[in-house]
Amino acid sequence: MNTLHLSYALVGVVGVLLAFWSSAIRRVPVSEPLLALLVGVLAGPVLGMIDLSHHQASVLTLEASRVLLAISLMAVALRFPLTAYRSVIRPVSVLLAVAMAGMAVVSAGLAWVVLGLPVALAVLLGACLTPTDPVLASSVVSGGPAERQLPGRLRQVISGESGANDGLAFVFVVLALSAVTSGSFGGHVREAVWGVLGAVVVGVAVGFAAGRAVMAAEAREDVDEGSLLIFTVVLAVAALGVARVAHTDAILAVFVAGLAYNAIIGEESRASEQRLDDALTRYLVLPLFFLLGVEVPWQDWLDLGWPLAAFGAAVLVLRRLPVVLALKPALRMSWRSAVFLGWFGPIGVSALFYLTHSQEEGARDPRLWAAGSLVVVASTVAHGITATPGRRWYARRSS
């Protein structure tokens with residue numbers, strides 16, 4: 001209990017400091033998740049103030065990342081009017097249909113060649129690292145500096161992709177898990193298909209019902225903006241719970257529910273929901289990245305040696321950027337936009353969720369968590385320190 005209370009205190013202090021210097025932090029090349037990660041490393045491995053068993057940390061990370069992803073995806077779904085997402089259907093579809101598979105293959109290939117993992121385990125690691133993270137991506141595309149320095153279409157593409165591919169990665173992970181646990185990639189095809197189709201059904205039903213309820217309440221003037229903001233968080237948790245009960249892809253169901261809710265409530269009712277974005281990227285993300293800092297497997301990293309370091313660097317450079325640049329004609333983007341889109345595909349909360357989910361489902365090879373956590377930490381650092389300079393570079397090139 002003392003460890004838990006100390007964690008509360010440290011995360012709370014970090015949150016208060018971030019709130020106090022919120023404007024200044026947005027102007028420097030340091031992100032909120034990176035600061036929380038550094039505090040966790042200091043409190044855990046460096047000073048030994050907090051010590052959790054691997055099982056405890058894994059369970060906490062799984063549930064914290066699941067809830068955080070749900071709220072994050074609800075924020076992504078409500079970030080723009082639905083008409084804005086319709087205008088980027090083509091590039092987002094290309095990224096989901098082609099780039100996701102390319103990123104999974106590249107990551108799995110690197111794990112097999114550089115780390116020497118068995119094929120099935122390499123494919124599972126590649127699947128866990130495939131989705132771009134909506135939480136870390138929000139720190140790049142949301143807020144005043146992003147709105148001034150990046151065009152709306154590019155921000156919409158990044159948001160739309162990061163929202164959808166977190167749920168669709170479920171298919172890759174389920175099939176790879178089947179190979180690791182049962183020796184066959186096709187052992188859970190039915191589960192994967194129901195995961196996607198069931199998520200769409202659950203998401204549309206929950207989002208439609210919630211939107212109609214809000215519109216009816218607004219017509220009677222029974223709801224205010226503060227209540228609507230809290231309602232979106234509750235809606236995310238509700239969609240997550242219903243989808244889990246239905247044994248379908250809960251992450252995708254939340255995003256679909258957010259889009260359905262967005263379509264019903266209209267632009268005027270979305271004003272208060274947009275505040276969810278900033279609150280999420282600044283504060284709600286802090287406990288999870290603090291926990292990641294506490295549980296980084298230093299000894300496993302040292303045991304794997306230089307191949308692990310080479311793998312982490314190769315994933316950051318090769319997993320996404322070459323794939324996106326190769327798809328530039330299909331995306332119909334300028335070189336500047338394609339380079340920005342190719343680099344800012346961070347790996348974070350979604351990867352932590354799928355890594356810990358895989359462990360709970362029976363993939364307990366320590367190399368899976370060691371390699372995956374290193375890539376998440378490397379991405380948090382690399383994309384955290386390059387977000388502000390990257391936006392400024394884009395703005396200078398545009399002018």
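When a residue number appears, it is its place in the shown sequence, counting from 1. Since the model is a prediction, treat every value here as computed from it, not as a measurement. What's counted below: heavy atoms across the whole structure, side chains too, no hydrogens, waters or symmetry copies.
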If you measure from the Lys or Arg side-chain nitrogens to the Asp or Glu carboxylate oxygens, is any gap between Glu360 and Arg66 under 4.0 Å?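 Salt bridge: no.
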Worked verdict on Asp166 versus Phe255 for side chain to side chain contact (heavy atoms under 4.5 Å, CB included): CA-CA 9 Å; Asp166 286 290; Phe255 185 61; over 6 Å; no
[X] versus [Y], closest heavy-atom pair with distance:
{"X": "Gly195", "Y": "Asp249", "answer": "O-CB, 3.0 Å"}
{"X": "Gly258", "Y": "Met74", "answer": "CA-SD, 3.5 Å"}
{"X": "Leu252", "Y": "Ala164", "answer": "CD1-O, 4.3 Å"}
{"X": "Ser373", "Y": "Ala370", "answer": "OG-O, 3.1 Å"}
{"X": "Val254", "Y": "Ala70", "answer": "CG1-O, 3.2 Å"}
{"X": "Val200", "Y": "Val256", "answer": "O-CG1, 3.8 Å"}

Could you state whether [X] and [Y] fall into the same hydrophobic cluster, counting links through intermediate Ile, Leu, Val, Met, Phe, Trp or Tyr residues with side-chain heavy atoms under 4.5 angstrom apart?
{"X": "Val189", "Y": "Trp194", "answer": "no"}
{"X": "Ile347", "Y": "Val296", "answer": "yes"}
{"X": "Phe340", "Y": "Leu318", "answer": "yes"}
{"X": "Leu316", "Y": "Leu37", "answer": "no"}
{"X": "Val242", "Y": "Val201", "answer": "no"}

Can Thr132 and Asn165 be counted as having a side-chain donor-acceptor contact under 3.5 angstrom?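 There is such a pair (donor and acceptor under 3.5 Å, judged by atom type) between the side chains of Thr132 and Asn165.
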With side chains defined as the heavy atoms from C-beta onward, is the minimum distance between [X] and [Y] less than 4.5 Å?
{"X": "Phe311", "Y": "Leu125", "answer": "yes"}
{"X": "Met215", "Y": "Ile264", "answer": "yes"}
{"X": "Trp343", "Y": "His383", "answer": "yes"}
{"X": "Met49", "Y": "Leu42", "answer": "no"}
{"X": "Ile251", "Y": "Phe353", "answer": "yes"}
{"X": "Leu150", "Y": "Phe344", "answer": "no"}
{"X": "Pro366", "Y": "Gln299", "answer": "no"}
{"X": "Met103", "Y": "Phe172", "answer": "no"}

Supply the atom-to-atom distance [X] [atom1] to [Y] [atom2], rounded to the nearest 0.5 angstrom.
{"X": "Glu191", "Y": "Leu175", "atom1": "CD", "atom2": "CG", "answer": "9.0 Å"}
{"X": "Thr181", "Y": "Arg364", "atom1": "OG1", "atom2": "CZ", "answer": "10.5 Å"}
{"X": "Arg391", "Y": "Thr386", "atom1": "CZ", "atom2": "OG1", "answer": "10.0 Å"}
{"X": "Thr232", "Y": "Asn262", "atom1": "OG1", "atom2": "CG", "answer": "11.5 Å"}
{"X": "Leu308", "Y": "Asp300", "atom1": "CG", "atom2": "CG", "answer": "9.5 Å"}
{"X": "Leu110", "Y": "Leu117", "atom1": "CG", "atom2": "CG", "answer": "11.0 Å"}

I'd like to know if the side chain of [X] and the backbone of [Y] have a donor-acceptor N/O pair within less than 3.5 Å.
{"X": "Arg319", "Y": "Thr130", "result": "yes"}
{"X": "Tyr394", "Y": "Pro151", "result": "no"}
{"X": "Arg367", "Y": "Leu304", "result": "no"}
{"X": "Thr248", "Y": "Ala199", "result": "yes"}
{"X": "Ser178", "Y": "Val174", "result": "no"}

Over 60° means perpendicular and under 30° means parallel, so classify the ring planes of Trp301 and Trp298, tilted if in between.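 Answer is perpendicular, since the angle exceeds 60°.
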Pick from Val157, Val324, Leu327, Ile89: which one makes a side chain to side chain contact (heavy atoms under 4.5 Å, CB included) with Val94?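 Result for side chain to side chain contact (heavy atoms under 4.5 Å, CB included) with Val94: Leu327.
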Using side chain to side chain contact (heavy atoms under 4.5 Å, CB included), reason through Trp112 and Leu121 one step at a time and then give a plain yes or no. CA-CA 8 Å; Trp112 180 56; Leu121 189 63; over 6 Å; no
According to ring pair (Phe, Tyr, Trp, His ring centres under 6.0 Å), who are the partners of Tyr85, at least two apart in sequence or on a separate chain?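 So Tyr85 forms a ring pair (Phe, Tyr, Trp, His ring centres under 6.0 Å) with Phe80.
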Between Val196 and Phe170, does the side chain to side chain contact (heavy atoms under 4.5 Å, CB included) criterion hold? Intermediate values first, please. CA-CA 8 Å; Val196 174; Phe170 175 81; 5.6 Å; no
Test log, rule side chain to side chain contact (heavy atoms under 4.5 Å, CB included), inputs Leu95 and Leu341: CA-CA 10 Å; Leu95 291 170; Leu341 178 65; 4.0 Å; yes
Name of the residue among Glu295, Gln359, His357 meeting side chain to side chain donor-acceptor pair (under 3.5 Å) with Thr61: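 With Thr61 as partner, Glu295, Gln359, His357 yield a single side chain to side chain donor-acceptor pair (under 3.5 Å), made by Glu295.
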Contacts of type side-chain contact (heavy atoms from CB on, under 4.5 Å), residue Ala363, not counting sequence neighbours: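 Scan of Ala363 (side-chain contact (heavy atoms from CB on, under 4.5 Å), adjacent residues dropped) gives Leu124, Leu177, Val180, Ser358, Leu368.
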